2 protein chains.
Amino acid sequence: MIKKEAKDIKYTNQRIEILDFLRKFDGHPTVEDVYEGVRKKLTRISKATVYKNLRFLAEKGLIKEVNIKGVSRFEANLVPHHHIICIGCGSITDYESEDLTDYSLKVAGDIENFEVESTDTNFYGICKDCKEE
Amino acid sequence: MIKKEAKDIKYTNQRIEILDFLRKFDGHPTVEDVYEGVRKKLTRISKATVYKNLRFLAEKGLIKEVNIKGVSRFEANLVPHHHIICIGCGSITDYESEDLTDYSLKVAGDIENFEVESTDTNFYGICKDCKEE
DNA sequence: GTACTAAGTAATAATTATTATTATTTAACT
DNA sequence: AGTTAAATAATAATAATTATTACTTAGTAC
Ligand SMILES: [Mn+2]
Ligand SMILES: [Mn+2]
Ligand SMILES: [Zn+2]
Ligand SMILES: [Zn+2]
């Protein structure tokens, strides 16, 4: 159970459950996924509340929003990482590579008139399951 | 004017104009942008046709779809490149770095059970204009 | 603990984005 | 020129997201 980690946030039951759900969920759930998941505990929660809070929590930096193939997804994994995306089935897998992050940030240093804060790389291709077809 | 580059495609006026528009447009237009742009030449084109053709052309590999901050955008720039995204104003700028692409593909070689076909990196941060505020 | 208040929520309406349907038109082939 | 599979326009239908508003609550002050 989450408890007042950040002080400028009002910790409502809805917020706590959403954050809790994301931290336990292994993957990149959509708004709908989060809504369905949280509903098991808070049966009367409104979908608009889920939308608002996901955007709010991302704004506050407690979660990240990642948009893949036109679909908004969320995750509580704040460690810089990359994504492996199957163009066949749409599966999304985290991929940590500090080397790549470092290299990207080094490249970012060359960019003029822009201050890079973070980077991530997407790897597009075919997963094993999709290949066996 | 575009003329039958790929043979398995029926070159309709609508398709030609959409492709032409994207090739002349310097940036990453949304569906709405493309619709408005193309409408200047084909005043009676339907928005559904724009949707269908953008997805179709992306499928055929003549254009690329890039999703940034939950918004679908399209571009005719097929050279592998990266994107610099301002979290302030949302501006999107292309950034070519063959080195980074090569490095990413080298990293991709280590990924198990997945065949990477392409990669791209997003740089998030603050642009010069947004910083001056 | 009780009162106060700004912020959050539920329910719903409204808006925006995207896809499906279908009668008509057309590009490409013969 | 005639044929036909594919594409289009117009529209309806669906899905995704945001706005509105009356009610509720977390956090703070006493
Ligand atoms: Mn992730
Ligand atoms: Mn680009
Ligand atoms: Zn797959
Ligand atoms: Zn900016």
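Keep in mind it's a predicted model, so treat the numbers as computed, not measured. Reminder, nothing fancy here: chain letters follow the sequence lines and each chain counts from 1.
Nearest nucleotide to the side chain of Arg15(B), out of dT18(C), dA7(D), dT9(C): dA7(D). Residue Lys47(B) has its side chain nearest to dT18(C) when only dA9(D), dG27(D), dT18(C) are considered. Among dA7(C), dT26(C), dA11(C), the nucleotide with an atom closest to any side-chain atom of Lys10(B) is dT26(C). Of the candidates dA17(C), dT9(C), dA10(C), the closest approach to any side-chain atom of Ile45(A) belongs to dA10(C). Proximity note for Gln14(A) (side chain, C-beta onward) versus dT18(C), dA10(C), dA27(C): the nearest is dA10(C). For Arg44(B), the listed nucleotide lying nearest its side chain is dA9(D); candidates were dG8(C), dA9(D), dT17(D).
Applying the 6.0 Å contact sphere to NZ of Lys69(B) captures more than 12 heavy atoms from other residues, nucleotides or ligands. A 6.0 Å sphere centred on CG of Asp26(B) holds no more than 12 heavy atoms belonging to other residues, nucleotides or ligands.
Checking the phosphate oxygens (OP1, OP2) of dA16(D), no side-chain nitrogen or oxygen of Ser72(A) falls inside 4.0 Å. Considering only side-chain N and O atoms, Tyr51(B) lies under 4.0 angstrom from the phosphate OP1 or OP2 of dT18(C). Put simply, Tyr11(B) has no side-chain N or O that comes within less than 4.0 Å of OP1 or OP2 on dA27(C). The shortest distance between the side-chain N/O atoms of Thr49(B) and the OP1/OP2 oxygens of dA9(D) is below 4.0 Å.
Whole-Å rounding puts the Ile16(A) CD1 to dA7(C) P distance at 18 Å. The interatomic distance linking Tyr35(A) (OH) with dT17(D) (P) rounds to 15 Å, in whole Å. Separating the CZ atom of Arg73(A) from the P atom of dA16(D) is a distance of 11 Å, rounded to the nearest angstrom. Atom NZ in Lys69(B) sits roughly 22 Å away from atom P in dA16(D) (whole-Å rounding). Put simply, CD1 on Ile18(A) is 13 Å from C1' on dA10(C), counting in whole angstrom units. As a whole-Å value, the separation of Phe56(B) CZ from dT19(C) P is 16 Å. One interatomic measurement links the two molecules: CD of Glu17(A) to C1' of dG8(C), which rounds to 16 Å at whole-angstrom precision. When the C1' atom of dT19(C) is taken as reference, atom CG of Leu54(B) falls 14 Å away, rounded to whole Å.
Under the 4.5 Å side-chain heavy-atom criterion for Ile, Leu, Val, Met, Phe, Trp and Tyr, Phe25(B) and Ile16(B) are members of the same hydrophobic cluster.
The pair Lys47(B)-Glu32(B) meets the salt-bridge criterion, with a side-chain N (NZ, NE, NH1 or NH2) lying under 4.0 Å from an Asp/Glu carboxylate O.
Nearer to the 5' terminus of DNA chain C, by closest-nucleotide assignment, is the contact made by Arg55(B) (compared with the other of Arg55(B) and Asn13(B)). Mapping Ala48(B) and Gly70(B) onto DNA chain D by nearest heavy atom places Ala48(B) at the nucleotide closer to the 5' end.
Between Asp8(B) and Lys60(B) the shortest side-chain heavy-atom distance falls below 4.5 Å.
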